[in-house]
Amino acid sequence: MSEAAAIAAPARARVRSGAWLAPAMIVLCSLAAYCVAAAATHQTGQISVDGFVGLIQRTVALGIVALGQTLAILVGSIDLSVATLVSVGAVMASWMMQGQPDMMVPASLFVLALSALVGVANGLIVTQLRVNPLIATLGVGLVLQGILSASFQDFAGSVPKEFQIFAYGTVGPVTLSILLMFALALVEWLALSRTRFGAHVYATGGNPEGARLAGIKTARVVVLAHMLCSLAAGLTGLYLASRLRSGAPWVGRDGVYDLESIAVVVIGGTVLAGGKGGVWGTMSGVILFGCLDAIFTMAGVDAFIKQVLRGAIVVAAVAAYAYRTKGHVA
Amino acid sequence: MGAGLSMAEAAPRFEMRGIRRTFPGVVALDDVSFSCAAGEVHALCGENGAGKSTLIKVLGGVHQPDAGTILLDGKPVRLNHPLEARRHGISIIHQELSLLPERSVADNIYVGREPGRLGLLDRAAMRAGAETWLRRFGCRFGADAVAGSLSIAEQQVVEIAKALVFNARILVMDEPTAALDETETERLLALVRQLRAEGVAIVFISHRMRHLFAVADTITVLKDGKLVGTRPRGATSPEEIVRMMVGRELKDYYPARRARAPGAPVLTVAGGGNEWIEGIGFELYPGEIVAVAGLEGSGKAALGRAIFGAAPFSRGQMVVGGQAVRPNTPLDAIRLGIGYVSDDRKAEGLALRQSVLENALLAMRGIAAIFSRPGRTAPRGRGIDQLLREVDVRAAGYDQQIRLLSGGNQQKTVLARWLALAPRILVCAEPTRGIDVAAKAAIYRLLRAYADSGKAVLTITSDLPEAIGIADRLLVMHEGRLAGELPAGATEEDVVALAAGHQFEAAPA
Ligand SMILES: Nc1ncnc2c1ncn2[C@@H]1O[C@H](COP(=O)(O)OP(=O)(O)OP(=O)(O)O)[C@@H](O)[C@H]1O
Ligand SMILES: [Mg+2]
């Protein structure tokens, strides 16, 4: 709580507003920078429907993981096992399919069920054993990675052509996977803002003890959030298998989905302590990272500088939010 | 009262029998029995740490008893989660505010019982329902306001609305009036009487005898986790209740004032103003206690924060010890020798997971760290133990985490912290909020002794008798301005007239 606000005269009580403003600004600025960079490097071909679709396409994997991470963070937890779970999903999918179309459905269902199970395990370790979520999910991630690396050394199996529709299929100029990401974002936004579950997510993250006193089964909310977060990671695994035509045990780690998903969630204005934030902020963070990647690729700049800039943006974003609300620090 | 003969014969709405509850190192409740009938207001009193909150948390399913049974309408029940208590129609206003600071008032009021179908929220109903309750309390904020931006009193009203929106059969209020001013308290007491007439069983916890005797039908006293006794209101008196709570007669409640040698003022404010207050001018002399009174929203809290630099003056002059100063941050103020006991101990006063001792040392470390690193073994560290004993902080040990202490004992720790720092000007916002009578008397004595040692004390309080009882002078605020100054010995009527801005005279007959 802001110090000054605590004594504010009643008429000055702050009303929540402009939840759209910051995300919209971030998206607009990112896209503007992208256009400027394309023009400056004489790659104006990138400023086209295809160019933009390509830009968004490269963010789909991070986007879906981050949508899940948003839930975990909103309830006051966090999930560091997502990157490994992406690898597990990709490897298990292609290994089970072995190029056979009739294994598509069973393999996908298996991956999703396994992810849900991992999520429930994460949630139970956090709520029942009361292990700090950073440690709990880091541990689960390490265990999974260990098993995976011991069992698979390289790309395992392959996915049938039909399964590649998931990543490459199009509706008009847009790909199915982009539509899927935005559909998921929309559903999650509705769930968070219009349903009782959403209200309980914000309550649990905002004040766990208060939520419990209000009769909310907070442990259940946390477990559910972790389950959905892991499901998103599993789904991303399926997407990567479809896109790469096979899965390898390092695809998740290479994408740095754990830290990057946390970074974009935070850039989007969701508070690490939980209870404040939302889906569109996260999506704007995803688009920002996507544009940044594209800009650096167009400019042909060293990847190290890119990392430095990303890091600076994360810190600057958090500082900006903290300054705006004069109190809460992510 | 209220309950007719036929009701008295029926089983009480709830009955707790032989409840025992222990925490590591403390027996918080020992063989306590307590009951309340439909249409009865049952007050619960006792010193800080007597076990009042623990008892109602057992009733609310927050804590499970080690022994004993709970009967609802004569039938034994087990309450393993607050949700189960809620399902039985038990609604509780907890002592510690438990709002979601980032959510709207409507979201907060309906948290955990959001209206709607198939899991979908009915936001319109939430807003409308919240507005209804806010109007009933004459609130000046809307259902869309962010809870964290409200004052403590306003947050308290939200907590009350939260407990009332669902038609409770049993309503428990743990110090609901602690943060409210007289007008709001009157509204709440009127509401309590109305609910009693509707047949709700009500438990009312308060340290203010006046409020207790204004509504209670029955009064039960706890001491050190044990039941001392239960009395019908008509058959007892505030003096007897205090005796039962404290275990002895309480004499010299307010310490005697001493004639003070007039000297130079230690603090002068002239034409001070900021966003919330305007045209503030007064002087504060060493050796005196000045109380600032006023209704909620009158700016009395803002005045304290302005002096402490938490929400600084943007206009006017401030002179401390003969030097013109402008503290823009609390640290500036602390360096000038100004201390501040916050009225919102949870949000800014305490580091909840740290020990009592760490908390008491906090402010001292804040400035001392510039010069050195005082450990707990530093000479002043021993002084702290002494002070904690003097303000009578009751904990299993001073190493205990502060969030596990009873509400009143947390407040005493904050006070000890500032006394240890020995600032020449001590500003106290609601220094005795939630503190029991005996400890209040001790704090009054401490503040008086502090003033007698040549320091100046400015207390900001919603408790009128307290303001009149301890102050050498009273400043009364109304709508952000100083409405007037009253000498010691002013009556409550004088203060109320000033605080209300003489509305009676202006209104046509
Ligand atoms: N969760 C807890 N863990 C350990 N001790 C606790 C806990 N809750 C309460 N206690 C202890 O139990 C005792 C009773 O506390 P309780 O909060 O019921 O007092 P109270 O009568 O409500 O006091 P107050 O008037 O200050 O609110 C205190 O000694 C307190 O320190
Ligand atoms: Mg209490």
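For the numbers below, each heavy atom of this structure counts, side chains included, while hydrogens, waters and symmetry mates do not. Chain letters run A, B, ... following the sequence lines, proteins first and then strands; every chain starts at 1.
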>> Less than 4.5 Å apart, side chain to side chain, heavy atoms only: is that true for B/L83 and A/R212?
In response: no
>> Taking the side chain as everything from C-beta on, heavy atoms only, tell me whether A/L213 gets closer than 4.5 Å to B/I92.
In response: no
> Are there more than 12 heavy atoms of other residues, nucleotides or ligands under 6.0 Å from atom CG of B/N167?
Replying inline: no
> How long is the gap from OG1 on A/T218 to NE2 on B/H81, to the nearest 0.5 Å?
Replying inline: 6.0 Å
> Taking atom OH of A/Y202 and atom CG of B/L100, what is their separation to the nearest 0.5 Å?
Replying inline: 12.0 Å
> Where is the tightest heavy-atom contact between A/A199 and B/L121, given as atom of each residue plus distance?
Replying inline: CB-CD1, 4.4 Å
> Where do B/S98 and A/G210 come nearest, in terms of heavy atoms and distance?
Replying inline: CB-CA, 3.5 Å
>> Need one label for B/L99: side chain, backbone, both or neither, based on atoms under 4.5 Å from any heavy atom in chain A.
In response: backbone
Answer yes or no: is there a donor N or O on one side and an acceptor on the other, between the side chain of [X] and the main chain of [Y], under 3.5 Å?
X: A/R196; Y: B/E114; answer: yes
X: B/R103; Y: A/A203; answer: no
X: A/R194; Y: B/R123; answer: no

> A/G205, A/A191, A/G198, A/S193: which one forms the most heavy-atom pairs within less than 4.5 Å of chain B?
Replying inline: A/S193
